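Contents: one structure, followed by commentary.
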Amino acid sequence: MSGGLQITNASKSFGALTVLNDISLSVDPGGFLVLLGESGCGKSTLLRMISGLEDKHEGTIEIAGRDVTHLDPKDRNIAMVFQSYALYPHMSVFENIAFGMKIRRHAKADIKAEVGRVADILKLTDYLHRKPGQLSGGQRQRVAIGRAMVRKPDLFLFDEPLSNLDAKLRAEMRTEIKRIHQVLGATIAYVTHDQVEAMTLADKIVLLNAGRIEQLGTPEDLYMHPDTLFAARFIGSPQINAIEVTVHVSDDTLTAYVGDIALALPRNAARGIVIHGQTAILGVRPENLTLSDTGPIVTRGHGVGLCEPMGSETSVVLDFAGAALRMRVPGLVKLSQDSTQSVSWDMSGCHLFDPETGAHL
Ligand SMILES: Nc1ncnc2c1ncn2[C@@H]1O[C@H](COP(=O)(O)OP(=O)(O)OP(=O)(O)O)[C@@H](O)[C@H]1O
Ligand SMILES: [Mg+2]
């Protein structure tokens, strides 16, 4: 059983540039943490900090209950898999996986048993004699993971390991990594900028924004209960609709106005106090909008923009009060450019955000 990970008040600067700002988080033993965020937000730097490759920083790192802040990477009992994993082309799969044990002079029988165990988990048993050049991209990726696994590390670190693979292989490897995680019960910290990867793999996501934690929570937390407009926009595809509204409050009811169109909101659209007449950003997920004959709202202006068939559903973009309104509609839908369309809104999961700060109201 591997241990957990604890990061406390970690900050990192390159000269005058602060790239990580006071990061604290913890992962339980066996947990799957995904570091998510856009390019340049500090994901790899944080992972490198955990690994010991980024030595000069503030804060402490504990792995499996041990303070490793001042230890070399090799003394941290971690394993890393990077985007650009280089396998030894002249060595067989067996030799590639065995390499680390061999240079540490483990007994031949031990190496054979350990490589066998790892190959079995990774479904590489039939490929052990092959060279990397004779493998598919996904199989090569599994060998790279296998090399990391033979060491029984306390913590696995992955930095965008799937980004070189095509869409189908990525999806397959995602399932594979999830399975490996379950079989090994290992603790994993995994970097990606892909929200689908984050949602499917993580039991905890840390969403980074310009070196700070924007939100930390389960995939469901981030999707259903975003703390900020940034978080709401980052998770979900097509992106959440963010509509500027004026909020009217009377007794205990909330109504959002877009021009003279009134949208009734549940009270929990805001977490705190809303001031009558205040401007806000209304967040509504595309799947909570449906085309209807009787919906309360007719899209005005020039009506239908775009229909993108995606197989079981259609992504529809309508013009709503001059702004794009994204919807996910079941089945194959075709709308003509110049028609107007009623839309019914399911507001049960909507959110109100502060237009200045982006914080959930
Ligand atoms: N050695 C360095 N010297 C100076 N700045 C650096 C150095 N390494 C990284 N940075 C900067 O730190 C910031 C964070 O970089 P990092 O590689 O952690 O981003 P990232 O989130 O992994 O991005 P990506 O998704 O593009 O890989 C960036 O602005 C980057 O330019
Ligand atoms: Mg990176």
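Predicted model, so just to flag it, every value in this text is computed and none were measured. Order of appearance sets the numbers: ligands from 1, and atoms from 1 within every ligand. Side-chain atoms are counted along with the backbone in the values below, which use heavy atoms only and exclude waters and symmetry mates.
The number of heavy-atom neighbours closer than 6.0 Å to CE of M91, taken from other residues, nucleotides and ligands shown, is above 12.
Annotation: cation-pi geometry not satisfied between R233 and F353 (NZ/CZ under 6.0 angstrom from ring centroid, within 45° of ring axis).
For ligand 1, the atoms closer than 4.0 angstrom to any heavy atom of E160 are 25 (O). Close approach of ligand 1 to V19 is summarised as follows: ligand atoms under 4.0 Å from at least one heavy atom of the residue are 11 (C), 12 (O), 13 (C).
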How far apart are the C-alpha atoms of D75 and R66, what are their side-chain angles, what is the distance that settles it, and do they pass the salt bridge (Lys or Arg N to Asp or Glu O under 4.0 Å) test?
CA-CA 11 Å; D75 300 323; R66 202 163 56 113; over 6 Å; no
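For atom 25 (O) of ligand 1, the nearest protein heavy atom (residue, atom name, distance) is K43 NZ, 2.8 Å. Closest to atom 16 (P) of ligand 1 among all protein heavy atoms lies T45 OG1, 3.5 Å. Nearest protein neighbour of atom 17 (O) of ligand 1, counting heavy atoms only, is S44 CB, 3.7 Å. Shortest contact from atom 5 (N) of ligand 1 to any protein heavy atom: F14 CD1, 3.4 Å.
The shortest N or O to N or O distance between S39 and ligand 1 is below 3.5 Å.
Ring orientation note: the planes of F32 and Y190 are tilted relative to one another, at an angle of 30° to 60°.
Within the 4.5 Å cutoff, the side chain of I23 has heavy atoms near those of the L208 side chain.
Distance remark: protein heavy atom present below 4.0 angstrom from atom 23 (O) of ligand 1.
Distances from the Mg ion (ligand 2) show that S44 has an N/O/S atom below 2.8 Å.
In this model, a donor atom of one side chain and an acceptor atom of the other lie less than 3.5 Å apart for D159 and S44. When only modelled atom types and interatomic distance are considered, T228 and E214 share a side-chain donor-acceptor pair under 3.5 Å.
Between G42, G40, C41, G211, it is G40 that holds the heavy atom closest to atom 29 (O) of ligand 1.
For an aromatic pair to be called close, the ring centres must be under 6.0 Å apart, and F94 with H129 fails this.
Residue contacts with ligand 1, taken as heavy atom pairs separated by less than 4.0 Å, do not involve H193 at all.
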